[in-house]
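Here, residue 1 is the first one in the sequence, and each next residue gets the next number. Everything numeric here is computed off the predicted structure, so don't read it as measured data.
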Amino acid sequence: MKPEEHRANSLALQQDAFAAYCSALAYRLSGKKGYGEKACYFMNAWATVNKKYSEPDGPLVMSYSGSAFLMAAELMDDMSVWDADEKRLFKDWVTSVYRKATNEIRERKNNWADWGRLGSLLAASFLNDKEEIERNIKLIKGDLSEKIASDGHMPAEVIREKNGIWYTYFSLAPMTASFWVIYNLTGENLFSWEQEGKSIKKALDYLLRYQKAPSEWKWYEGPNVGTHATWPDNLLEAMAGIYGESAYVEYVENSRPHIYPVHHFAWVFPTLMPLSLNGYNQGGQSSVAKKDADIEKLRKRFAMQLLSVPVSDGRIKTLVGTLQPDGSWPGIDYVDTTRTAFQHERHLSNMLTLSVAYKKKGSPYKGNKQVRKAVHQALAFWLKNDFICENWWWNQIGTPNTMVSMLLILDRDLSPEESERMLKIAGRGNMSASGARPSGDRIKIAGLQAKAALFKRDAQEVAMLMKIIEEEIKFSTERGMQHDFSFHHRTDWVNNTLSYGSGYASAFIEWASNVADTKFRFSEQAVRLLIDYYLDGICKQMVYGRISDPGILNRDITRPGEEKVWSPSDPEKLRNLTDYRQAELDNIICLRKGDSSYRPVSFAKFFWRTDHFVFQRPDFYTSVRMYSTRNANMEEPYNGEGLMNHFRGDGTNYLSVRGDEYKRLTPVYDWMKIPGATIVQLDKMPGENEIQKWGLTDYVGAVTDGIYGAVGFDFKSPHTGLAARKAWFFFDKTYVCLGTNISSWMKDQVLTTVNQCLLNGEVTVSDADGIHLQEQGSRMKKEVRWVVHDKVGYYFLKKENVILSNQHMEGSWKIANRQTTTPTDIIRQDVFTLSIDHGSFPNNGGYAYMVIPSSDPQSIEKKVEEEGVVILANCPDLQAVRHGGLNMAYAVFYKGGTLQVHDKIVVEMDSPGMLMVKYNDVGEILALGVSDPTRFMKKLHLSVNQKIVWPAQENIQTEWDEKQALTRISVDLPQNEYAGKSVIYNK
């Protein structure tokens with residue numbers, strides 16, 4: 001075909017057909033007769049004069065230019081202004097000239113066929129020829145899969161050298177116009193056609209991509225492209241209404257209104273007459289034309305959240321500037337995919353960062369061609385290599401998360417081929433994947449799959465996944481949220497509340513907050529249970545609800561940054577969902593924001609499913625970590641993390657006043673001096689395959705009423721065989737630590753470490769030499785009564801020989817974390833360590849000391865006296881403490897026995913168990929609390945030398961023995977998932 005001759009021959013037809021269509025449209029919009037008469041004038045003139053068309057390009061010209069005549073005829077068909085005889089004449093022209101031309105080319109293989117079919121369809125519609133309508137629909141549907149490739153390119157059009165992009169448009173314009181005619185004639189929606197990964201939408205996306213980036217067009221160097229004043233804006237404007245596609249809108253919105261008045265006529269006034277398929281039922285097809293409002297809302301919402309992060313000018317310049325021609329970055333080891341390596345995460349992070357910079361409103365790089373090119377280069381490199389890590393987490397969560405995030409951010413800036421391959425990778429995170437077992441990762445994977453479903457606009461899949469997420473908010477006796485609000489990720493029953501358990505909560509919160517105003521919203525019951533877990537599980541295992549309790553941490557203690565203040569985002573989202581427990585959520589939010597007008601609340605809580613106890617007052621937080629025959633001491637050192645955690649479950653007792661006492665201590669830590677733990681000081685740490693051990697004793701537990709509490713730990717080390725019976729007794733301003741029956745058959749020294757924390761200021765000691773400041777260094781101190789450091793007093797109720805160190809230490813994170821991303825630089829910290837020396841081969845050794853937060857050298861002895869603490873017993877069978885100021889006492893019975901709590905109170909217990917007693921100033925018992933640390937008993941029996949006539953309680957039976965002058969009390973103990981929980985009996 002000769003282009004210049006082609007254009008010259010078609011000019012008259014173009015001008016008159018366009019004039020007829022404009023006039024007919026103006027008539028229908030305004031009702032002014034003059035416009036209608038002018039439309040009829042042009043149609044009548046051509047029907048009267050034109051009897052044939054020339055070859056070889058005449059049929060095509062007639063089809064694409066004459067189409068406007070048929071549009072005008074449809075508008076005027078029922079109008080009285082068009083004379084009936086003239087209409088018949090025009091129908092004859094359509095039959096003998098126009099339709100003949102269109103039918104001559106409608107079975108060709110390129111854009112000729114597309115224009116022929118549109119023209120023939122318009123003619124059949126005007127002539128009301130149903131047979132021909134069906135014939136054209138069959139032709140259109142018959143070769144769609146041949147016209148469009150799986151990546152969206154159109155094989156018959158891209159080969160047209162310099163004009164490949166133009167002919168892609170020139171084929172899609174009549175094709176989509178035909179779809180619109182078919183939809184209006186039959187209700188069939190071909191816009192949603194999809195077959196073997198091919199679709200009209202992909203072809204449109206392909207066109208837009210290379211219209212915007214012609215330099216990337218692989219079919220011909222330097223192809224011609226349209227302008228905003230011409231094509232393809234008219235087509236994209238029309239299709240924006242069909243697909244609700246933001247990328248189309250963004251491309252055309254600044255050059256509206258769009259009019260295409262020359263040459264060919266498919267989408268002439270798309271801005272004036274926007275398209276919509278509202279109300280159309282597509283029968284469940286995945287490529288939807290009718291937009292689900294909630295799906296669109298969520299797609300936009302998640303994209304905006306991903307784009308909310310700041311853009312660093314320096315980092316973007318570096319990433320673009322250092323990107324290699326093959327799409328890789330220097331300094332990343334792309335070969336090592338082992339558990340301890342996988343530096344590929346940096347590549348994933350870089351791609352996401354660039355994507356945000358390219359799409360974020362207000363970013364200096366929004367729409368930047370260099371950034372766009374970098375994104376696609378880096379993505380192509382990943383898609384080509386499809387890196388798989390030995391750690392399943394990256395394959396099912398980490399990498400899919402990046403892919404689905406980029407899909408939502410870039411959306412139609414991605415080619416159909418890119419989207420398809422990214423969805424395939426993202427699809428590895430699905431509910432049939434191995435990582436989607438009930439645990440902390442199940443909700444995360446469901447959320448990832450749901451985001452992919454949002455990208456695909458699959459409302460049915462989203463609904464299914466929301467149901468899965470909601471149903472995961474439940475108690476479990478296996479993996480998951482426990483009945484005490486701790487969290488188990490694995491069957492070692494190690495406490496994972498602040499790792500996998502917080503991810504579990506955050507994943508639910510993310511979706512709950514986003515779907516709250518949609519049909520996918522979660523039930524109030526699920527939201528309330530999650531809030532209970534968040535406040536009573538997660539927050540109570542944090543210092544003031546702000547910073548992770550170091551005692552909770554497993555492998556994560558060896559990751560830099562774990563001591564950070566947690567974000568207020570999750571509690572803020574929960575607060576916006578319901579009015580349930582709002583005051584408590586407000587307190588956590590304000591504490592995390594550093595609002596000094598809010599004070600931490602007081603509580604005591606024992607996580608009986610996890611053997612972990614926490615205690616908080618407004619000015620200090622402390623905890624005790626233990627393990628038993630029911631659980632393991634610590635996580636395995638998965639992926640080379642937590643390599644020194646052997647002894648961190650052995651009765652660990654961290655104390656936090658500010659919350660930063662253990663910050664960045666890991667690199668310089670002495671891992672055989674764990675706060676609270678009694679440890680044999682070996683020549684070297686056991687191997688990393690010796691870290692996780694199951695407990696050897698059953699007696700591990702606590703008694704608590706929610707405000708006060710005590711802990712008992714019958715400990716035998718699976719690492720060294722050391723035995724000790726250890727107990728902690730907690731009060732408002734102090735707590736007491738007792739140890740007894742400390743025995744070891746190893747020659748190595750045994751220490752009970754009182755604390756190992758960052759050195760902050762002076763250390764004052766009271767020992768045989770009097771009260772004095774401790775010079776920096778490490779030394780044995782004898783006959784020590786007390787030590788004060790960082791406003792915390794450590795008071796030994798019997799003088800002790802201690803090892804005291806306050807000196808400069810150096811080390812690396814690498815000692816405990818073998819990940820290749822772990823910093824290798826040397827960390828320098830000043831460290832305070834205080835340990836009680838039990839010597840070698842101790843036999844029935846012991847200790848007794850008080851910890852007094854908010855203390856100083858001048859007041860410590862007075863505070864000890866004011867507390868009125870009395871050690872009632874510290875022997876192998878019984879450890880007990882009374883607090884005279886609070887009128888309360890605790891006892892840890894390792895076997896049945898009798899204890900005189902007070903001049904007027906004697907308690908006898910006939911089995912192992914724990915006891916809390918509260919009384920008034922005259923010695924009258926006000927409350928009793930008991931628990932079974934062994935978890936073996938169904939009933940616990942005790943007696944007191946007072947008459948107890950209190951309100952009946954379902955699980956407690958009392959009997960007054962007049963002869964013995966005592967009340968016998970029988971307590972039905974909690975069983976199964978509640979075994980180990982305290983029972984409180986109040987007057």
Okay, side chain of [X], backbone of [Y]: is any donor-acceptor separation there less than 3.5 Å?
{"X": "K663", "Y": "L758", "answer": "no"}
{"X": "R648", "Y": "M634", "answer": "no"}
{"X": "N817", "Y": "K814", "answer": "no"}

Side chains of P853 and L655 in contact at under 4.5 Å (non-hydrogen atoms) |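 Yes, their side chains come closer than 4.5 Å.
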Quick one: does L915's side chain get under 4.5 Å of L942's, heavy atoms only?
->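 Heavy-atom side-chain distance check passes, below 4.5 Å.
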Ignoring hydrogens and angles, write down the donor-acceptor pairs under 3.5 Å from the side chains of residues 635-642, residues two or more places apart or on other chains.
{"unit_1": "E635", "atom_1": "OE1", "unit_2": "R555", "atom_2": "N", "d": "3.3"}
{"unit_1": "E635", "atom_1": "OE1", "unit_2": "R555", "atom_2": "NE", "d": "2.8"}
{"unit_1": "E635", "atom_1": "OE2", "unit_2": "R490", "atom_2": "NH1", "d": "3.0"}
{"unit_1": "E635", "atom_1": "OE2", "unit_2": "N496", "atom_2": "ND2", "d": "3.2"}
{"unit_1": "N639", "atom_1": "OD1", "unit_2": "R339", "atom_2": "NH1", "d": "2.8"}
{"unit_1": "E641", "atom_1": "OE1", "unit_2": "R555", "atom_2": "NH1", "d": "3.2"}
{"unit_1": "E641", "atom_1": "OE1", "unit_2": "R559", "atom_2": "NH2", "d": "3.0"}
{"unit_1": "E641", "atom_1": "OE2", "unit_2": "R559", "atom_2": "NE", "d": "2.8"}

What pairs with H838 under ring-ring contact (aromatic ring centres under 6.0 Å, His included), at least two apart in sequence or on another chain?
-> none
Qualifying ring-ring contact (aromatic ring centres under 6.0 Å, His included) pairs with a residue from residues 734-755, counting only residues at least two apart or across chains = F730-Y735
Counterpart residues, side-chain contact (heavy atoms from CB on, under 4.5 Å), relative to [X] (two or more places apart):
{"X": "L696", "result": "K716, P718"}
{"X": "K673", "result": "D670, Q681, L751, T753, Q756, T833, S835"}
{"X": "L498", "result": "I538, Q541, M542, S548, I552, W566"}
{"X": "K862", "result": "E866"}

Residue pairs fulfilling salt bridge (charged side-chain N to carboxylate O under 4.0 Å, His left out) with at least one residue in residues 700-711, sequence neighbours excluded |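 Those involving residues 700-711 are D705-K918.
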So, for [X] and [Y], which heavy atoms are closest and what is the spacing to 0.1 Å?
{"X": "S855", "Y": "V788", "value": "O-CG1, 4.2 Å"}
{"X": "L878", "Y": "A891", "value": "CD1-CB, 4.1 Å"}
{"X": "M937", "Y": "P912", "value": "CE-O, 3.0 Å"}
{"X": "C757", "Y": "L665", "value": "CA-CD2, 3.8 Å"}
{"X": "W728", "Y": "C737", "value": "CD1-SG, 3.5 Å"}
{"X": "G980", "Y": "S931", "value": "O-CB, 4.2 Å"}

Going by the rule salt bridge (Lys or Arg N to Asp or Glu O under 4.0 Å), which residues pair with [X] if we only count those two or more places apart in sequence or in a different chain?
{"X": "R725", "answer": "D714"}
{"X": "K781", "answer": "D767"}
{"X": "D660", "answer": "R658"}

Does R935 pair with D611 as a salt bridge, N-O distance under 4.0 Å?
-> yes
Salt bridge between K798 and E800, side-chain N to carboxylate O under 4.0 Å?
->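 Answer for the salt bridge query: yes.
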Quick one: is the NZ or CZ of K605 closer than 6.0 Å to the six-membered ring centre of F613, and within 45° of its axis?
->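 That pair does not qualify as a cation-pi contact.
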Cation-pi check, R617 to Y708: give yes when NZ or CZ is under 6.0 Å from the six-membered ring centre and within 45° of the ring axis, no otherwise.
->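 Yes - R617 lies over the ring of Y708, closer than 6.0 Å to its centre and within 45° of its axis.
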Pair N887-D921, side-chain donor/acceptor within less than 3.5 Å = yes
Please check if any side-chain donor atom of T610 sits under 3.5 Å from a side-chain acceptor atom of H488, or the reverse.
-> yes
Would you say the ring centroid of F731 lies under 6.0 angstrom from that of F729?
-> no
Return each pair, listed once, that meets side chain to side chain donor-acceptor pair (under 3.5 Å) where at least one residue sits in residues 890-912; pairs must be two or more places apart or across chains.
->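 Pairs touching residues 890-912 that pass the test: Q879-Y894.
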Positive for ring pair (Phe, Tyr, Trp, His ring centres under 6.0 Å) with Y662, one of Y669, Y621, Y654 |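 Between Y662 and the candidates, ring pair (Phe, Tyr, Trp, His ring centres under 6.0 Å) is satisfied uniquely by Y654.
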